[in-house]
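This report refers to the structure that appears directly beneath it.
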Amino acid sequence: MGLDVVIFIIAIVLGVFIYWRESQSNALYRFLNKMFNTKTLQMKASDKKGFVYKRAFLPRLVYVTGILVIIGLAVQFLSPFAIFTSYYGVSAFASTVAGVMLGTYLAHFILKSGEVIEEKSDVIEDLVQDTLEKGKDFIEDLKTETPTLKEDKKTAKNETIQDGKSARERLKDKGLL
């Protein structure tokens, strides 16, 4: 179980790397597209789509699984490791596929949030400045209101003292004593 977790984490990092690399250049996908498609079906030069970059879930899953199966078969036949004939090999393969898929979505989130932050940096800066100004105004309002409350309390005390009647006399006046 411990090895599966390590393989899963390494696969997440691999997925992030694959997605980031394909967002920079999709030369391999473009090359295969030119080989297998006719001139009318080939992708345009401005199209950034790749094996995992700008793909929906199902095609991305098919490409990732297909590439990992090809790599797994090569390792199976060229080395003494039995990937597809043991439970642990299949479990590691499944962890790798899941990790790469999760890594591609994590990389998409990171790249997209970076783009949004770059686009909205001026708006965010203005928003923070407005919030700071409102906070300063609120603090100033609190500072100016505090002395007026103290003055109101002092005048209320002065009025009761000026009345000159004790609490006992006031209760007698109201008929409560």
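Note that this is a predicted model, so its numbers are computed, not measured. Just the heavy atoms: all of them, side chains too, but no hydrogens, waters or symmetry mates, feed the values below. Sequence positions, counted from 1, serve as the residue numbers for this chain.
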Say whether F84 and L78 are linked into one hydrophobic cluster, either directly or through other cluster members, by side-chain heavy-atom distances under 4.5 angstrom. no
Besides I9, the hydrophobic cluster formed by Ile, Leu, Val, Met, Phe, Trp and Tyr side chains linked at under 4.5 Å, directly or via other members, contains V5
Distance in Å, L3 CG paired with S95 OG, rounded so as to fall on 0.5 Å steps: 9.0 Å
Does a side-chain heavy-atom distance below 4.5 Å link H108 with V52? no
If two hydrophobic side chains count as joined below 4.5 Å and joins carry through other members, does L106 share a cluster with W20? no
Roughly how far, to the nearest 0.5 Å, is CE of M35 from CZ of F31? 5.0 Å
For the atom pair OG1 (T96) and CD1 (I7), what is the distance rounded to the nearest 0.5 Å? 5.5 Å
Provide the closest heavy-atom pair for A107 versus V16 in the form atom of the first, atom of the second, distance. CB-CA, 3.8 Å
Please tell me whether F93 and I12 are part of a single hydrophobic cluster in this structure, the criterion being side-chain heavy atoms less than 4.5 Å apart. no
How long is the straight-line distance from CG of D4 back to CZ of F8, given to the nearest 0.5 Å? 10.0 Å
Do R60's NZ or CZ and the ring of Y105 fall within the cation-pi criteria of under 6.0 Å and 45°? yes
I need the minimum non-hydrogen distance between G89 and S86, along with the two atoms involved. N-OG, 3.1 Å
Would you call E169 and K172 a side-chain contact if the rule is heavy atoms closer than 4.5 Å? no
Are the side chain of S113 and the backbone N or O of I110 linked by a donor-acceptor pair below 3.5 Å? yes
Please report the interatomic distance CD1(I70) to OG1(T65), rounded to the nearest 0.5 Å. 11.0 Å
Can you establish whether the number of heavy atoms outside Y88 located under 6.0 Å from its atom OH is more than 12? no
Give a yes or no on whether V90 and V64 share a hydrophobic cluster (residues Ile, Leu, Val, Met, Phe, Trp, Tyr; joining criterion: side-chain heavy atoms under 4.5 Å apart). no
Counting C-beta onward and ignoring hydrogens, is there a side-chain heavy-atom pair between V97 and L61 closer than 4.5 Å? yes
Would you compute the distance between atom CZ of F57 and atom OG1 of T104 and round it to the nearest 0.5 angstrom? 9.0 Å
L68-Y19 co-clustered via ILVMFWY side chain contacts under 4.5 Å: yes
Is there a side-chain contact between F17 and V13, using heavy atoms and a 4.5 Å cut-off? no
Tell me whether S91 contacts the main-chain N or O of Y87 through its side chain, where contact means a donor paired with an acceptor under 3.5 Å. no
